[in-house]
Protein chains: 4
Amino acid sequence: MAPASADPAADPVAVTSDKISDKAPRTERGRKTRQKLLDAAASEFGERGFHEASITSITQRAGTALGSFYTYFDSKDEIYRALVDHLSSRVREAARESRRSDLEALEAERVALTNFLNFAGTHKEIYRIIDECEFVDPATFRTHYESTAQRIFERLGEGARKGEVRADIEEAHAWAIMGMNVFLGLRYAVWSQERDPAEVAEIANSILRGGLLPRP
Amino acid sequence: MAPASADPAADPVAVTSDKISDKAPRTERGRKTRQKLLDAAASEFGERGFHEASITSITQRAGTALGSFYTYFDSKDEIYRALVDHLSSRVREAARESRRSDLEALEAERVALTNFLNFAGTHKEIYRIIDECEFVDPATFRTHYESTAQRIFERLGEGARKGEVRADIEEAHAWAIMGMNVFLGLRYAVWSQERDPAEVAEIANSILRGGLLPRP
Amino acid sequence: MAPASADPAADPVAVTSDKISDKAPRTERGRKTRQKLLDAAASEFGERGFHEASITSITQRAGTALGSFYTYFDSKDEIYRALVDHLSSRVREAARESRRSDLEALEAERVALTNFLNFAGTHKEIYRIIDECEFVDPATFRTHYESTAQRIFERLGEGARKGEVRADIEEAHAWAIMGMNVFLGLRYAVWSQERDPAEVAEIANSILRGGLLPRP
Amino acid sequence: MAPASADPAADPVAVTSDKISDKAPRTERGRKTRQKLLDAAASEFGERGFHEASITSITQRAGTALGSFYTYFDSKDEIYRALVDHLSSRVREAARESRRSDLEALEAERVALTNFLNFAGTHKEIYRIIDECEFVDPATFRTHYESTAQRIFERLGEGARKGEVRADIEEAHAWAIMGMNVFLGLRYAVWSQERDPAEVAEIANSILRGGLLPRP
DNA sequence: GATGAATGAGGATTCATTCAT
DNA sequence: TATGAATGAATCCTCATTCAT
């Protein structure tokens, strides 16, 4: 699953780097064609997955000639990578809006998860694309997860400094939270939306607040 | 990620069903050849992933002729499915040994996670294969996750009845735990083994026991 | 189309020669197995055609092991040839019964066609198998047609000597009659049986008797 | 055998429909390549038959890369069908030229058969290809025969109205004529050309004119 | 820049036939 | 004889990528 997507409250650090190849469009017309191709690729990869997707189909969706694809991208892999970057930043942007430093630490996690669930439910293709990254471009996948965990870890650390969470926070705690978020997203946002995101987020949050032992 | 692998304390309910086609071997020799193919497929899929894997390579690893593959399997997809089934049951079997009903509920979860981390670290290919299932055979993938969550949920429910965990347990709690387990496995068993499984399990378990708030 | 089938009033000259290979069964049990294979082959070739037919499927229909096939036949081609021979003689046998030298020449042709239409309607697979021979074993196909035409030609010649038909009969007349018979068989016996064989035969016969010009 | 080929005096009703797939060439260059492939396929299918023919061989004959085949055709079946259509119309076109409505009914049949024999002798591959259709694409085969018989039937019917042939003409008469034509073509045009087409046609025509009974 | 034809390596799958038991 | 496992040549088809216009 997408690291970024697992932490919508991410900061704009960005992995994005559209300067991958020297094929940047030089005219307005070119810029539009390139964008049409990216949009088409998003649909194609989202619906059929990386391996089933074909360049031919992408150009057909984009309404361009097959050859035009290679005017803007070096390969199927490259457009995929460009797309993941692009989508990651969209996710991050969506998250950034919901960040407010005045929130108490665990409260912030709750809001972040709620937003994430909403976003994942609305953009399932994005979810799938970034997720499949694990098998198409493992390095990117790993980077994303690690930076996401890092952000969560930093937030928790800050909370610890403020005395809002336990002082013994370490990286593993961040991974545990990220895993919870991702799986709840898969189950309650992508596969079905039978439950209200806020409720699901509350369940996860209650674990963070007090664990699963019976209340005294 | 593999549902099964996320719950090594699984019971033997089994999704396994090796009777897929009518190509079951009828002699001992045949049984051995089929097994060689499955073993070879495990290595091939584990190392190169489903799409990069080739039948030719599988038969070469197995030391059989190309045609022999089709004596026992109908297609690349079929052997993949057979393999996932097979591996799932191995995971489940490995888990079953570690089940002891005399354990207190959350203690059982800790033991399960420890075993899972150990298993995942030793069998990284299995992890990858079952994980890639999401994009190769989504139905199986989903089934596995759901049945794994179901088992966790049932265990928690039993714990609730015994008064060992909160009474308001629901399905979402199981998904949260499964997500934690899977991601900790990815990070601390598959990607690196820099930390002791027992320690990692303890960190996760401490969340389940008391959450992340500062201890009073 | 089958030459033989086009002339059911054939004599037993026979192309049949089951001594093709040295694989003749030596025991009663062997004879039965060989026959089961021939029967199965007739169904298989009749239903699926030569190229779609498979040895595996033939042995399955016959209820024998795959390897047993090669105990009695050298190859797929050989069993096909053996089958065509076998079927040809069946056709010829069926025809022979209907031969009566006391019939007037054109009357004999009418009876022969009637019988042929009846036979073809009842044994469509035979029709197909012998017919496909053109593309599987052209030499046999050609031989069959030629010998069939030859028999018709001889009958007509005899009729000519008796003054029952024109004196200028030549080979081409026999081919013309054979063509008529075969196509009427295809249309009114194999593809549909909407018309009574005797009626169809009468129509063809009326052409032979007086042509198509208006009656004075 | 090809219905069309059995009736060279066909009208341009056409079964032809080259718009089968969306792979129509969009440039002149493409049109030429497609044509080269069709020509090569005609030779290949004509010489080796449908099942022995290979795509590789077709592209080698055409002087194109293997992949180019799939730029214009979806499969071996499809090019075969396209070819049959193409050849059928060639046959029909060849026939059309020889149609003259001022001919007396049976005279027209004689001319048609003569032309057919000439055509079949010159284009034996066409004969074989269309003929093999019975086992490759039965539906097309049947359609062709039926429409050919229909055309003959209509011509005879018109002759009947003019009083040039018997009034009791029915479909079966057309099938009988078609069968005669096809078999005479096989024997005297495809297998050998030992006899003059006009002579052979005259023999068939004499049957139509007066049957086989001795002249009074 | 845009177009679409050409390329060919690569991979899955079939199945007649052989052979050890 | 019967059995069924093993073999591998043969073939269709896909599709990312290149290139001429």
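Residue numbers start from 1 in every chain, and the chains themselves are labelled A, B, ... in the order their sequence lines are given, proteins ahead of strands. As a basis for the values below, the full set of heavy atoms in this structure was taken, side chains included, without hydrogen atoms, waters or symmetry mates.
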Provide the closest heavy-atom pair for D:R128 versus D:G46 in the form atom of the first, atom of the second, distance.
-> CD-O, 3.2 Å

Mind calculating the distance between CD (D:Q60) and P (F:dA10) to the nearest angstrom?
-> 14 Å

Does D:E47 have any side-chain contact (heavy atoms from CB on, under 4.5 Å) partners at least two apart in sequence or in another chain, and if so, which?
-> D:S43, D:R61

Of all heavy-atom pairs linking D:T59 and D:A65, the shortest is CG2-O, 3.7 Å

With respect to the phosphate group of F:dT7, does any side-chain polar atom (N or O) of B:Y70 fall under 4.0 Å of OP1 or OP2?
-> no

Send over the distance from C:F69 CZ to F:dT3 P, rounded to a whole Å.
-> 15 Å

Check DNA chain F against residues 40-57 of chain A and give the residues with a non-hydrogen atom under 4.0 Å, in numerical order.
-> A:A53, A:S54, A:I55

5' precedence on DNA chain F between D:L66 and C:L66 (nearest-nucleotide basis) = C:L66

Which residue lies toward the 5' end of DNA chain F, B:G67 or D:R29, if each is placed at its nearest nucleotide?
-> B:G67

Grab the two heavy atoms, one from C:F73 and one from C:L37, that are nearest each other, plus how far apart they are.
-> CE1-CB, 4.0 Å

Can you name the side-chain hydrogen bond (donor to acceptor under 3.5 Å, both in side chains) partners of A:H123, sequence neighbours left out?
-> none

Starting at the 5' end of DNA chain E, which residue's closest nucleotide do you reach first, D:A65 or B:D77?
-> D:A65

Candidates F:dG4, F:dG8, F:dT7 - which lies nearest the side chain of B:T71 = F:dT7

Give a yes or no answer on whether the side chain of C:Y80 reaches the backbone of C:I129 with a donor-acceptor pair at less than 3.5 Å.
-> yes

Between A:Y72 (OH) and F:dA16 (P), how many Å, whole number?
-> 20 Å

Could you tell me which residues satisfy side-chain contact (heavy atoms from CB on, under 4.5 Å) with D:Q35, sequence neighbours excluded, listed by chain and number?
-> D:L38, D:D39, D:H86

NA contact type, B:S68, heavy-atom cut-off 4.0 Å: base, sugar-phosphate, or nothing?
-> base

Pairing of DNA chain F as dot-bracket, 5' to 3': ( ) intra-strand, [ ] crossing, | other strand, . unpaired, with Watson-Crick or G-U pairs under 3.5 Å?
-> .||||||||||||||||||||

Identify, with sequence neighbours excluded, every residue that meets side-chain contact (heavy atoms from CB on, under 4.5 Å) alongside C:D77.
-> C:F50, C:S75, C:R81, C:V136

For A:R31, all residues meeting side-chain contact (heavy atoms from CB on, under 4.5 Å), sequence neighbours excluded | A:P25, A:E28

Spacing of A:K76 atom NZ relative to F:dT14 atom P, expressed in whole Å = 14 Å

Rounded to whole angstrom units, what separation is found between the NZ atom of B:K23 and the C1' atom of F:dG4?
-> 13 Å

B:R29: what forms a salt bridge (charged side-chain N to carboxylate O under 4.0 Å, His left out) with it, not counting sequence neighbours?
-> none

Under a 4.5 Å cut-off applied to non-hydrogen side-chain atoms, are B:F45 and B:K76 in contact?
-> yes

In the 5' to 3' direction, the nucleotides of DNA chain E bounding the stretch that comes under 4.0 Å of a heavy atom in chain D are E:dA5 to E:dA9

Return the set of residues passing side-chain hydrogen bond (donor to acceptor under 3.5 Å, both in side chains) with B:S57 (not counting sequence neighbours), or none when no residue passes.
-> B:E44

Measure the distance from CZ on C:R26 to C1' on F:dA2 and round it to the nearest whole Å.
-> 16 Å

Atom CZ of D:F73 to atom P of F:dT14: distance rounded to whole Å?
-> 15 Å

Judged by nearest nucleotide, the residue sitting upstream toward the 5' end of DNA chain E, A:T64 or C:S75, is A:T64

